[in-house]
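Notes to accompany the following structure.
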Amino acid sequence: MDIQENVSLAEHTTLKVGGPARYFTVVSSIADLESARQFALQKDVPILVLGSGSNILVRDAGFLGLVVKVEFFGRDYKIGNENKVISELGSGEILDEVVAQTVDFGYWGLENLSHIPGTIGATPVQNVGAYGVEISDLLKSVSAFNIETGEEKVFSREECQFAYRESFFKSPEGRQWVITVVTLELSTLEKPSLAYKDLAALSESGAVSQSDIRAKVIEVRSQKFPDWNVVGTAGSFFKNPIVATDIADALLARYPELPTYPVSPMETKLSLGYILDKICDLKGYKTGEVGLFENQALVLVSTSSKSAEIEALVKFVTDEVKEKTGLTIEQEVRTV
Ligand code: EPU
């Protein structure tokens with residue numbers, strides 16, 4: 001097994017910041033994972049599992065342990081009963097490449113998740129979602145390896161404990177599990193999901209193909225997200241807050257245009273993008289080399305090489321929201 005030392009993590013994350021990993025290795029098999037586990041035990045260091053680094057903020061101090069970059073490949077599609085397409089996908093596969101392929105093949109389900117950066121293995125962790133679809137809607141099971149104990153397990157959808165941008169794999173216990181294969185249930189039957197407002201218009205012009213949906217999603221995203229090759233970003237930096245419905249009602253009384261979404265009879269999700277933009281006036285706000293994107297305030301952009309600058313902006317934004325609305329907001333991005 002090839003272990004590198006003092007590898008800069010800035011090059012492995014889309015925010016393009018972060019100090020070095022003391023040790024770094026790429027794994028593509030269970031045997032590799034077991035070797036990585038033994039190495040970390042021997043050196044008595046913690047392990048950090050990395051996919052394509054599109055939802056992580058690594059601090060300037062880096063990581064004083066072993067970073068394991070997961071590159072399990074493979075795409076296997078089997079047509080089952082009732083037009084189901086059982087899709088077994090290696091966790092290191094690039095999500096958007098899989099989306100493009102399933103659109104080509106006519107396997108419905110993933111088209112709304114077009115152009116999201118990141119790997120397949122990252123999708124269950126934060127229950128990736130966009131334009132009316134969450135990965136939990138399609139997921140059948142997750143195969144994983146416990147990096148602490150060496151155990152292998154297949155998690156059912158229920159065992160993944162999905163919620164909005166949440167799963168078992170985000171908990172301290174769940175973090176021990178390295179996802180190796182994600183099995184999705186797609187369909188050869190047409191199943192357009194057009195609830196999101198920018199997609200609803202598609203159905204007015206008649207039958208909607210998967211390619212139509214993919215093209216529309218890509219068009220919408222190109223207006224809301226910066227060019228990942230040019231600036232550092234991790235998509236939405238914060239989660240949309242979920243609050244008790246009476247708190248949402250009180251905010252609505254003050255800000256009638258605030259977009260809200262019912263989660264349950266007790267809870268309501270609020271658009272933080274709107275709050276940052278229209279209530280806090282922070283869309284396009286910039287300090288030094290870090291700011292909130294001019295077309296979508298929930299997206300943090302950075303050309304800085306220092307995570308401390310990003311963290312300073314995050315604190316400023318969090319304090320502003322607290323002061324203006326009383327809300328305590330949470331990061332969607334994980335800080336290491
Ligand atoms: N809005 C503003 N100003 C802004 C940004 C948004 O007024 O600067 C308003 C919009 O007009 C809209 C509402 O806020 O009415 C919601 O905005 P948008 O549809 O862009 O979605 P979002 O809630 O900001 C979420 C996800 C995105 C996902 C989109 C589309 C989270 C944290 N983010 O963003 O996911 O692509 O919906 O479904 O839930 C990600 O998680 O990294 C991500 C990009």
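For the numbers below, each heavy atom of this structure counts, side chains included, while hydrogens, waters and symmetry mates do not. Just so you know, ligand 1 is whichever comes first in the structure, and atom 1 is the first atom listed for that ligand.
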For [atom], closest protein heavy-atom neighbour:
{"atom": "atom 39 (O) of ligand 1", "answer": "Y164 OH, 2.7 Å"}
{"atom": "atom 41 (O) of ligand 1", "answer": "E332 OE2, 2.5 Å"}
{"atom": "atom 11 (O) of ligand 1", "answer": "K197 NZ, 4.8 Å"}
{"atom": "atom 43 (C) of ligand 1", "answer": "S236 OG, 3.1 Å"}

query: Does atom 26 (C) of ligand 1 have a protein heavy-atom neighbour under 4.0 Å away?
result: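 Flag for atom 26 (C) of ligand 1 set to true, protein heavy atom closer than 4.0 Å.
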
I'd like to check atom 32 (C) of ligand 1 in this structure: does the protein have a heavy atom lying under 4.0 Å from it? yes

Are any of the N/O atoms in [X] less than 3.5 Å from those in ligand 1?
{"X": "Y261", "result": "no"}
{"X": "K239", "result": "no"}
{"X": "K283", "result": "no"}

Q) Which is closest to atom 18 (P) of ligand 1 in terms of heavy atoms, F237, Y274, F225, Y196? A)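 Nearest option to atom 18 (P) of ligand 1, by heavy atoms: Y196.
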
Among K278, E330, E134, R165, the residue with a heavy atom nearest to atom 35 (O) of ligand 1 is R165

Sidechain N-carboxylate O distance under 4.0 Å for [X], [Y]:
{"X": "E289", "Y": "K306", "answer": "no"}
{"X": "E257", "Y": "K278", "answer": "no"}
{"X": "E5", "Y": "R22", "answer": "yes"}
{"X": "D198", "Y": "R221", "answer": "no"}
{"X": "K216", "Y": "D212", "answer": "no"}

| query | Do F24 and H12 make the cut of ring centroids closer than 6.0 angstrom? | reply |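 Yes, the ring centres sit under 6.0 Å apart.
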
Counting only heavy atoms closer than 4.0 Å, does ligand 1 sit against the backbone of [X], its side chain, both, or neither?
{"X": "A130", "result": "both"}
{"X": "A297", "result": "both"}
{"X": "Q296", "result": "both"}

By side-chain hydrogen bond (donor to acceptor under 3.5 Å, both in side chains), S29 pairs with (sequence neighbours left out) D32

Worksheet item: Backbone N or O of V154 within a donor-acceptor pair of the S143 side chain at under 3.5 Å?
Response: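 Such a contact is absent between S143 side chain and V154 backbone.
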
Report task. Look at ligand 1 and say whether G129 reaches it with a heavy atom at a distance under 4.0 Å. Result -> yes

Which of V142, I147, N146 passes side-chain contact (heavy atoms from CB on, under 4.5 Å) with W177? Answer is N146

Between K322 and T328: side-chain donor-acceptor atoms closer than 3.5 Å: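 Yes, because at least one side-chain N or O of K322 sits under 3.5 Å from a partner of the opposite role on T328.
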
